[in-house]
Chemist: 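Provided herewith is a single structure, encoded as structure tokens, for subsequent inquiry.
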Amino acid sequence: RDEGGDATVSLVDQLQEKTKELIEPIGGKVKVTGVAYVIQWINRTLTEQFVGSFGIALLLIGGAWMVTTRSIRRVAVALIPNVLPLLAVLAALGALGIPLKPTTAMVFSIGLGIAVDDTIHFLTAYERWRRAHPEQGANAAALHAYSTAGRSMLDTSIVLTAGMMAMAASEFTGFLYLGMLTAWCVVVALLTDLLLLGPLLVALDKPDSKETAA
């Protein structure tokens, strides 16, 4: 009976503990082999690397926004809508009992890129209007961003979601999870940008005198 990858890891851990007690004291060495263990080791290593690369990407994106905007407040405003879709993916993994494997860990990097792309479009439209018409305030800038970038964000999200949903027809579970979770991440990213980013900018964006003069 297939006990799953977690059972393999647990068994190997128990074996290694026993070898420390029985084999290593007399100068022996033990190395675990077998196809099941090697596959599980590869999956675990790849998963850890994907999670690490996601963390690095998030830090680099935040740093780039910090250099561009020179405002911790605006970086925080931009990151909130990009983190929530990833939390939604984690919630889906837990609710559906889907394990964190390389194919599911990739969703975080892909989802982050998609969410950031939507946010950049929205922020660019917002910032351009804000600087060109400082006297009209944040509300007008947000409305302009919704009427321009909002439409393109909706169109691209529909196309991406449809493309990822096509993978739901796959008989390979890895592709099925990848497509479904990525589609879910795209939908949540769009909703958070449309429903949350604009109000956050209006509520928290308070440009200083230098920005207004520019």
Side-chain angles (χ1 to χ4, degrees), residues 1-66 72 75-76 78-117 119 160-161 163-189 192:
R1 186 176 61 181
D2 185 1
E3 298 288 348
D6 291 338
T8 301
V9 173
S10 177
L11 177 60
V12 170
D13 290 340
Q14 295 176 30
L15 290 173
Q16 290 176 339
E17 288 296 325
K18 281 296 182 181
T19 58
K20 291 180 182 179
E21 299 176 7
L22 304 176
I23 306 298
E24 293 183 5
I26 60 176
K29 292 183 179 180
V30 175
K31 183 177 182 180
V32 180
T33 61
V35 176
Y37 174 69
V38 171
I39 292 175
Q40 184 61 27
W41 179 83
I42 292 173
N43 285 339
R44 183 169 54 182
T45 302
L46 288 175
T47 301
E48 292 174 353
Q49 291 177 349
F50 277 129
V51 173
S53 65
F54 161 73
I56 294 173
L58 188 61
L59 290 175
L60 290 176
I61 291 170
W65 278 343
M66 177 65 72
I72 297 178
V75 172
L79 285 179
I80 289 174
N82 293 295
V83 172
L84 290 179
L86 307 179
L87 295 178
V89 173
L90 278 176
L93 289 175
L96 299 176
I98 301 174
L100 188 63
K101 299 191 296 185
T103 49
T104 53
M106 281 192 296
V107 175
F108 293 96
S109 296
I110 297 172
L112 178 63
I114 294 171
V116 167
D117 182 69
T119 302
L160 287 170
T161 302
M164 289 299 173
M165 288 295 290
M167 298 177 67
S170 175
E171 296 182 358
F172 179 49
T173 305
F175 287 160
L176 171 65
Y177 288 158
L178 178 63
M180 297 296 290
L181 291 172
T182 304
W184 167 242
C185 189
V186 171
V187 172
V188 177
T192 53

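Nothing fancy with the numbering, it's 1 onward along the sequence.
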Chemist: For a 4.5 angstrom cut-off between non-hydrogen side-chain atoms, does D13 reach E17?
Modeler: no
Chemist: Verify the neighbour count for atom CE of M165: are there more than 12 heavy atoms of other residues, nucleotides or ligands below 6.0 Å?
Modeler: no
Chemist: What I'd like to find out is whether the side chain of E21 reaches to under 4.5 Å of the side chain of K18, using heavy atoms alone.
Modeler: yes
Chemist: side-chain contact (heavy atoms from CB on, under 4.5 Å) for L93 and L181? Distances and angles first, verdict last.
Modeler: CA-CA 8 Å; L93 289 175; L181 291 172; 3.6 Å; yes
Chemist: Looking at I98, V107, T182, which one forms a side-chain contact (heavy atoms from CB on, under 4.5 Å) with Y177?
Modeler: I98
Chemist: Looking only at heavy atoms, which two atoms of T161 and V187 are closest? And how far apart?
Modeler: OG1-CG2, 3.9 Å
Chemist: What are the two closest non-hydrogen atoms of C185 and L86, and how far apart are they?
Modeler: SG-CD2, 4.2 Å
Chemist: Measure across A88 and W184 and return the closest heavy-atom pair with its distance rounded to 0.1 Å.
Modeler: O-NE1, 3.1 Å
Chemist: Would you say the side-chain atoms of T192 pair up with the backbone N or O of A189, donor to acceptor, closer than 3.5 Å?
Modeler: yes
Chemist: Please find the pair of heavy atoms, one from K29 and one from I23, that lie closest to each other, and give the distance.
Modeler: N-CG2, 4.0 Å
Chemist: Within the 4.5 Å heavy-atom criterion, are F108 and L90 side-chain neighbours or not?
Modeler: yes
